[in-house]
Structures are given as structure tokens and as C-alpha cells.
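Written out below as C-alpha cells is the structure these notes cover.
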Amino acid sequence: MSKSEEIQAKLLLAIQSNPPNLDDIVSLSTELAKLDPTNQRFYIDAKTLIHLGRDSIKDHSTALLELVKNSYDADATKVDIEIFSETKDIIRVADNGFGMKPEELKNNWLRIGYSGKRVSTKSKLGRRKTGEKGIGRISTDRLGSKLELRTKSKDEKLIGLKVNWDDFDVEGKSLSDIRVQIFEPKEINLPLTNGKPSTTGTEILIEEQRQSWSKINIENLFQELSALTPPFEGVEDFHISLVNDVYPLPSEEINSNYLDAAEIKIEAYYPGTGTEIIYTYWDKYNKKEVIEKIEWSNLLTRAGIDTTNLVDNKIRSGSATIKLYFFLRESASVKDLEFNLTKLREFLDNNAGIKIYRDRIVVKPYGFPSSQFGYDWLGLADRKAKDPAGISRSANYSVTPNQLVGAVFIARDSNIELADSAAREGLVESEAFYDLKSLVMGTINMLESYRTKLIPKINEAKRKSRSKESRTERIIKALNSIERDLYSINLDIQNNSDIASHIKERVQKNVNDLSGTTDKVEKTITELLNWNRTLSGLATIGISSAVFGHETEGSITQLKGSVMAAKLALSRKVPKVEDAIVEIEKAVKSSKRVAAWGAYALTRVQREKRNKKNVNIAKIIQSVVNELEPAYKAASISINTELKDIYTYTFQMDIETVLINLLTNAYTAATLKSGKRLIEVRLIEEGLKEPKKLIENGYSLIVSDSGPGISKEFEHRLFEPLFSTKVNPTQSSKSIGTGLGLTVVNSIVNDLNGNISFDKDPILKGARFKIWLPKERKQRN
Amino acid sequence: MSKIGIIDDDKAQRETLKTILESHLENFDSSIEVVDTFPFPDDSIAQYKDWVEQNDIVCLIFDEQMHNDSEGGKGPVGYRGNQLVLEIRKYFKDIPIYVITSHKNDDDLQEKFSEFEDIIGREEFINDGEKYVKRFIRASQSFLDENISELSELKHLSELVASGKSDENDLIRLKALQLKLNVQIDSGLGERKDWLDEYEGKIQFLEELQKKIENKIKE
């Protein structure tokens, strides 16, 4: 018998047995076919599957991601992932997609290289299907050797199969020699759909894991899952849940609130035809968007990209949309937002980078922080290293990868030239890809130029934020931030199974006690500041009274004297009526002076002065000077004023308190010298110039006197509370200083975010005090 | 006519005081008059001497705080009552000086207590002026009386010395009086005699010389 006949005979036996010996049928048929003298066939070694699956996938999270992508393509709205490698050994991925019919399982799933996705490109939900090459299912080999798949499709019965990949890892066996068990599962565990058990879906269980999962693996997986769909426009109908026994995860998903902290957003749109790209800019400082168009060649030139290979000015990548969000990693970025700088930095650390999304599914490794190669695929770090200049120093200012959260949106249909690389990760680096890269680089360059133009606005905003925030606001902000951080830390503690429950309780209790403290503190501080304002006003009455008090005393004495003199004059032998009249007139005058002083004291703390209002500073100063003038005249002091009209939004009492204290000091100083006694009060508009910053609008109040000036030895103690050079009354100055006048002034100036300085007046030769205060505008809410 | 002099920088206050004083003085049938002035500038304190002498002032009343106001383009001055009193005392050792002030208890003022006849509170003066004015009158009178006798003695002694009829005791007494009354000591008075002697000596010499020449010519 020939070989061929031998085989045929065995084959016949195998066919005729009951049930047919399928293994033998397959192998004998193959043997027979090999004896064909004219035609041969390719045979596939069983080990090939290992090469295609396990060996070609870099890590287990990539393998898992493939499964999730399949779920996505099956129009699943939910995917439950369970990874247990500590307590038990199982990985489970279950979705509520459309599942597989038994025919589909046999004819499609088990057919290597088959991809239903090549036939129909869109899912029922309209999702563009992701994988194509049809070897995704083999990648489960990377996860574990035992695979069990259960699936339920609509109107069909439950069906499943079991694969042991190790069976394929043998020498000398053909692919078709290895058995894959089919069975009818009694049940299937699928995610809930709208609260009810799903009617279709696929459940995959993997055992005998090849690699254990570490904390870092889980973190990276979470990151990659989170970033699987764009943070900008989430695929709202795709939700992934991840449960594991290796490392507890934060419950947060990426939420698009983080994008609110971006300083600048830029969007580039290339429609796929033509040579123009449309750019839309939005930034934190301007309310309106800016839109412009730019030519492709122009864009390349500006970005310093080589244009010699340009063919017909064509962009070979196809249509694309690029969205870039630029972040500054500083506290100004999170002003007025719900999260703090620490959280923002965490978000950026996890998500910074420019990713590529094809049909809204991410293409690894581009933009993934955990990928060495992919993270900075545009080479921004090197670019920055060559030119590290910060923004305002030169025209060149480069961004770093960790400042950008961005995405390039492409689609399979419109970007045919951008093909998958066979290694399951990345795209083939073709000319199309090169153009895409150039487009992104050009966009970054446009972002940088835009930012440079923004410098004046940025500086102004920084100025404004500095001056508008009073000490109180800064303190409250800091407290709020601390409170939030503590809550977050508490959450970690409560979720940490390693910490004893009695410690958890204590921490929780403390956090509960803390709740609402910030509000209470803010309220208290505001009340105290209001009190402070009123007390300063009252103190000023006292301080100025110590100096001007004897003026009033003098007036009262004069009043008494004049009345007595008039009385006596009229009682003389020959009544001196003229004299009496003169004295009575003097009496009236004196009484008026007394009344004026009383009025002055009472108006110091009037309620309306304690509210913030739009005022004209010049008017306030003039009215105070008018009130105090009689006292100064009585001491032969002339007050000159030179006042510019300055309108601002402030507390009238603060201005008056500052002025009166300065004038009181000036009064005392002027009386120390005989000769011409002068005080000058000037009000000018003045911007505050600080190095490397913009000028801030404000005004200066300057009070000079013709006194002896400030002794150098006391200069540094001038604003110390209770420090006074008028400690012992001397021949020259009888008034005892309270040592509080300048302290009150200093405290108010600080609260108003102003500056105080002093020097020698060049003309009057005495002391000159200058108070600079910022101009404020009433905020419209 | 003897006068009381008021020194105060505050015009209104000064004049009121004058009116009150004049009324009280009249009630006591005193012939003393009242005169007032703004303080003299720092560099011409000597003006006070002239002012006192020219006005026959026998009693002075100061304000303590006289360094504030200005008047007629002058002032303010740089000194207070307690400083002025020392200056005045240089010229007038005995003249009664009172200070009327709102700051009776001022330390510097109290330190100079012995220089004043009294330190009077302004309020008290306004209320009980009568009592104080009586004292002013008495003090003025005794000053006047003493002054008159001494002045006449001075006049008398000066005449004696001038006419060469004084003896040594007279000279001593004259010098003492000059010192007390602060009269400018005429530096030539004591030396005048010496000068006369010298003068006489020179005349004698010339006379003898004349005789010798005459004799020579006669030979």
C-alpha cells in the first residue's frame, strides 16, 4: 500500500467512527494533502500563535487595553474590569456589548486574521471600530495562560469557549492540531445596563496569570484607561470600572473641570483639503475668542520646520483637529477654582502630553507619561533645553511637555495614510505621519507666539490680583486650600485598609470639627477689621486731642474770660459799653470754636465713613484741613494744600485717619521751631513702578512740615507701637506723644495694600511723609 | 503814671486781661494803668528794659505759653514765660512779676517759682480776679516806694561824685546802687578823678616847662 493509500484508509476509519474522530480527520487530511505532487499549502505552526500574541505585546496593560477596545467596538456602554492577583488569580473583563452568536464565535473569533471590523467599519452606535488586524484576542495570552470566554448575543443561547495558550507552546504541532473547548455556560456575569442585568455581552476570564500586577502597574493602567477617551469630549456612553486587590485607586475619574485651569486654549482645524489651517485662540484674560487662518507653508516656516520636501503645499496627513490646553503650574492658575494647585499638578502629571485619538480612541503611546518613547514624541523637552528663556525675556519661549494637555483627533476614514504599526502600538512613521507631526509642532509654535503677545495682559492681571486681594482674602484662600487638602488626606486615610480604625475615627472627628472653620474665621476677620477701622478712627480723635486739646481749652478759657470782662466793664462807675461789646464778640467767637471742635470729634466715626464708597480724595483732604485750620492758625502754622482730584473706591475713614495722624505729627514738629511754620499737603496721581512689573494706578498723599525732621537714630523705630520721641516733656515740646499715630497709619496703609515712606523735605527742611495707595474700582457683581 | 505791663502773644487773651484788670483797679480806686505788648523778638530781649522804663512799669504779668501766636507779621517767638523771667531779672531784680497761665503745674514753670511773685491759674484769676489785683496793687506800691528812695539816693550820690565832694563810702554806695538798679555803670566816673589828677599833673608839668623856657630866654 502506498503512503497515500495508508492515509486514506485511516482517514476513512476516522470518518466512519461514531462519533467521528475529528482530531484524526484533521491531521490525516493534512498528511494526505502533503502528498499532493502538484500543489502544496502553507501550514501554520502552533507556536505562531504565541509569537503573534504573547510575544508581540509589550506589557499586560496593553493586552488588557485591547480587550477594552473590543468592548468599545462591540458598542458596550459599560466595561467591568477585575484584576485579582494577590487574593486569587483571575482577571475578568465583562461588557454589555452585543456579544457573539455561536456562528460568529466559530467562524469569526476562531479565525485568526479575521476582523469583522474590516467588513463593517461602523458599529450600531456609530462608533468607528478600532482594531483591524484581527489578532487582538490572542493578546490575552500575555495576561494568562487560561482563557475562558462566555458570550450572549440577542436571541441566541449562551455560548463559551476555553483556551489554554500553553497548549500551543509545543514543538512540531500544527495550529489545527490544538483543541479549543466549546461549551454551553449555565450563566454569564455581565455589567448592569440601566440598573438591570444586561441581555447581551461578553465575559472574559483569564487565569494562571503570567505576570503579577504591582501598584505601579495598576496606577498606569488606571491612567491609560482614564485617558482612553478624550478628556475634552468624553465618550459619554463608555464607562469603565476597575476593581483590583493590589492597590486602592482614587475614585476620581478625569473630569474636564481641570481644563478650566488652562491659561490658553488653542484649536487647529484642517479640513483635509486646501492649504489653510484655521486657528481659534482663547485665553484667561480676554473674554473673546480670536480666530485666524494660516497657510501651511507659512506655518512650517514660522515653526522652523524644513519646507524643502513640501509637495504642492499639500498636507499629507488628511483632515485633523488639534486641541491644546496650556497650563502654568502655579497658584494663579487655580484661583477661583474648586481644586487646588496640588490636584492640578497631579492631573497634569498624569495627563500632560499630546495624545492622538483616532475615532475617539487613543493611539498608544503618544502622549502617555508612562511611556518613555511616546511621552515627548514631539521632542519638546529637547527643544526647550536648546532655548530655555522664560516668556518675557526674549521672543523665543518654548513650552515643556508637562505644561500641555492636548489631543490630535483623526479618523480612519479621513486619514487613510496614517496606518497602524504592526506592533500594536503607534502609527507607521510615514510621510503622512510626519506632516501630522509638523502640524502639531506648528500649532505649538502658534501657541507660544500667542502667549508672548499676551505678556502685558498677564502682568496686568497679576498686578490686579495682587492689589485686589487684601490680607484677609489671602488668609482665607490659604485656609480654604488647607481645608481641602485635609479633606483629601482624610479620604485617603479612611480608604486605607492598613490604618487602624480607631485612628481613622480620630482623624475623621478632627476633620469634622474643622468643617466650617474657614467660614467662621473669615467672618471673624472681617468683623475684626471693621472694628479696627472704627477704633483707629476713635484713636485718632484721642491722638489728635492730645495735641490740639489745649486749643479747645484755650477757647473755653477765653470764653469765660470775655464774659467776666464784659460783666466787669459794665459794672464800672462809668460803664465801658464799647469794651463790653468787644468782649462779648470775642466770647461768641470762642464758643463757636469750641462747638467746631466738638463737631470735628463727632464726625470722625460717622457711619457712612465706615463704608466703602466712590470718593474724591481731594475733597476729603480739603475738608479735614478746613476743620483743623483754626488750631493751626492759633499756633502760627500755615497749611498749604495742592490737591489733584482723585476718584477711587475706598473707606473715607481710612483716608481721614491717615491724614489726621500725619497732620498731628506735623503740627507738633512745626511748633518745635520758631520762625516761619509751614505744613504742606499734596495729593498727586502716581503709578507705582516695581522692577519688571507694570505700573499700577494709584495716588500719593504727601505731608511735609518745617519742623526739625526725623532723627536718623529713630528712623527704624518710627512705626513701632508706643514708640515716641515725645516721651519727656521738654522745654521745646510739652505734648507727650502717644506713640500710636504712625502705628495706626502704618496699619491702615498695609490693609489698603499701599506704601509708606519718609524723607527730608528739600524746601521746608522738616519731615516729609508719603503715602501711596492703589486706585480701586467698585466691582460689579 | 505807674503801670502794670502785660506780655502775651494771644491778643484776645491779652486784651481781655487788660479789661478785667482795669475794672478791678478802678474798683480799688487805684491810679495804676495797664499797658500790654506782644512779646519782643528773640534777638531783641533788651527792648523789655526800655519798655519797662519808658512806661514806668511797676508790675509785670506774663503768659507762660507765649510762643505760639504771631502778630503784625512778627513772631512767633521762641521762648516761654519761665524763660523770659530770667532775662527780665537780669535788668530788674525786684520788680514784681506774676504769671497767669492755664498750665500752672508745668514743671519748667514750677522750677522757676522763686523768680516769680506768684504763679496764678487763669481760671482762678477770671473767677476771683479781685483778690489777685489787690495783691498786684500792694506789690506795685512797695516796689515804687523802694524804687523812689533809691533813685533819689542815686541822684544825690551822683551829684556828689560829679562835684568831687564824695568820699570813699559814697563811691561804694553809689556803685552798689548802680548795680542794684542795673544802671549802666559809667566806667569813667571812678577813673575821672584819676584822669583829672593826671590832667592836673600834665598841666603842672607844662607850667613848669613854660617857666623853664622863660628862664632860658631871659638868660
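Order of the sequence lines sets the chain letters (A, B, ...), proteins ahead of strands, with each chain counted from 1. Worth knowing before you read on, the calculation uses all heavy atoms, side chains too, and leaves out hydrogens, waters and symmetry mates.
- Distance check, rounded to the nearest 0.5 Å: NE2 of B:H24 to CE of A:M564 gives 6.5 Å.
- Atom CD of B:E130 is surrounded by 12 or fewer heavy atoms from other residues, nucleotides or ligands within 6.0 Å.
- In terms of non-hydrogen atom pairs under 4.5 Å with chain A, the most contact-rich of B:P76, B:P41, B:G129 is B:P76.
- Across A:T557, A:I637, A:V582, the residue that shares the most heavy-atom pairs under 4.5 angstrom with chain B is A:T557.
- Within the 3.5 Å criterion, the main-chain N or O of B:S70 finds a donor-acceptor partner in the side chain of A:S636.
- One finds a salt bridge joining A:K573 and B:D29 here, because a Lys/Arg side-chain nitrogen approaches an Asp/Glu carboxylate oxygen to under 4.0 Å.
- Considering every non-hydrogen atom in both A:K586 and B:A12, the closest pair reads NZ-O, 2.8 Å.
- In this structure, the separation between CD1 on B:I20 and OG on A:S562 is 7.5 Å, given to the nearest 0.5 Å.
- Within 6.0 Å of NZ in A:K633 there are 12 or fewer heavy atoms belonging to other residues, nucleotides or ligands.
- Using modelled atom types and a 3.5 Å distance limit, the side chains of B:S102 and A:E553 yield no donor-acceptor pair.
- Inter-residue side-chain proximity for B:N68 and A:R677 is flagged as met; some heavy-atom pair is nearer than 4.5 Å.
- Shown here is B:F28, whose CZ atom has more than 12 heavy atoms of other residues, nucleotides or ligands within 6.0 Å.
- If you measure heavy-atom distances from A:K560 to chain B, the contacts under 4.5 Å come from both the backbone and the side chain.
- The shortest heavy-atom contact between B:T16 and A:A565 is CG2-CB, 3.8 Å.
- Top candidate by heavy-atom pairs under 4.5 Å with chain A, chosen from B:R122, B:K18, B:E22, is B:E22.
- Within the 4.5 Å cutoff, the side chain of B:T19 has no heavy atoms near those of the A:L568 side chain.
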